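These notes concern the structure reproduced below.
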Amino acid sequence: MPTGTGDHGVHVTPRNAPGAPVDRVDVALARGADAGAVSTALHHAAGTDRVLTREAWLRETRPGTDRTTRLGLLLVLGLALLYTGISVANTTAMAASGRLRDLTVLRLAGATRWQVLKVTGAESLTVVAAGGLLGLLVTAVHLAGLWGALALLSAPPAVALPWRALGVTVTACAALAVASALIPAAAALRRRPADLAGVRE
């Protein structure tokens with residue numbers, strides 16, 4: 001019966017599956033019971049060497065992904081990350097180019113070129129931080145819904161977030177945003193402030 005059930009085991013009563021062989025027996029140890037003695041007794045009672053702990057059974061029966069599936073996932077993920085990076089860089093560069101008048105005002109007010117570039121980089125990092133927080137908020141709402149639905153089925157999952165992958169993603173977005181903002185701003189600030197004041201956006 002795995003077809004149509006997500007390739008998971010289905011538990012049915014003997015009345016619904018007459019003649020079906022027993023494929024697994026779950027045994028829970030009482031408090032203070034000797035695991036070794038129970039394992040030996042199960043070996044003799046069942047006449048089989050297939051007595052596994054919970055961890056060993058999970059390692060043996062856990063579904064895995066083959067190489068083709070992993071390559072397909074990496075290909076789709078790589079394309080998504082590539083276009084996301086292009087979108088981040090393009091949006092940041094357009095925003096930096098559109099703020100030429102603001103940069104000119106800062107220069108005319110006495111700010112040095114490096115001070116203006118620092119402000120531009122800080123603004124880009126602020127945008128990335130806001131986007132990362134909003135992404136975490138949306139993810140938290142989504143995971144809360146999934147957790148609640150599974151909890152109603154008496155199967156509450158343990159939520160484990162890939163913090164390393166999230167950190168790498170945020171760092172990459174921050175690097176792209178800062179570089180895309182600083183490059184056009186630095187190119188524009190090479191001109192004298194008086195010349196920039198006459199440039200129309």
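Owing to the predicted nature of the structure, the values given are computational and were not obtained by experimental measurement.
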Which residues, ordered by chain and number, are linked to [X] in its hydrophobic cluster, where ILVMFWY side chains connect at heavy-atom gaps below 4.5 Å, directly or through other members?
X    : answer
V168 : none
L81  : L77
V128 : V170

4.5 Å side-chain heavy-atom contact, [X] and [Y]:
X    : Y    : result
L125 : V178 : yes
T92  : S124 : yes
R70  : L73  : no

* Structure fact -> Minimal heavy-atom distance between P184 and A179, with the atoms involved, is CD-O, 4.4 Å
* To do: Quick one: closest heavy-atom pair of V88 and C173, and the distance?
  => CG1-O, 4.2 Å
* To do: Only pairs at least two apart or in different chains count here, so list each salt bridge (charged side-chain N to carboxylate O under 4.0 Å, His left out) that has a residue in residues 27-36.
  => none
* Any pair counted as salt bridge (charged side-chain N to carboxylate O under 4.0 Å, His left out), so long as it reaches residues 164-183, sequence neighbours left out -> none
Check: residues 140-151 side-chain donor-acceptor pairs under 3.5 Å, at least two apart:
from : atom 1 : to   : atom 2 : distance (Å)
W147 : NE1    : P157 : O      : 3.1

* **Exam field: side chain S87 to backbone Y83, donor-acceptor pair closer than 3.5 Å** => no
* To do: Check for a donor-acceptor pair, side chain of E123 on one end and backbone N or O of T120 on the other, with a separation under 3.5 Å.
  => no
* **Spacing of W163 atom CH2 and L161 atom CG [to the nearest 0.5 Å]** => 5.0 Å
* Structure fact -> Rounded to the nearest 0.5 angstrom, the CD1-OG1 distance for I86 and T91 is 11.5 Å
* Asked: Are L176 and L182 connected, step by step, through hydrophobic side chains (Ile, Leu, Val, Met, Phe, Trp, Tyr) whose heavy atoms are closer than 4.5 Å?
  -> no
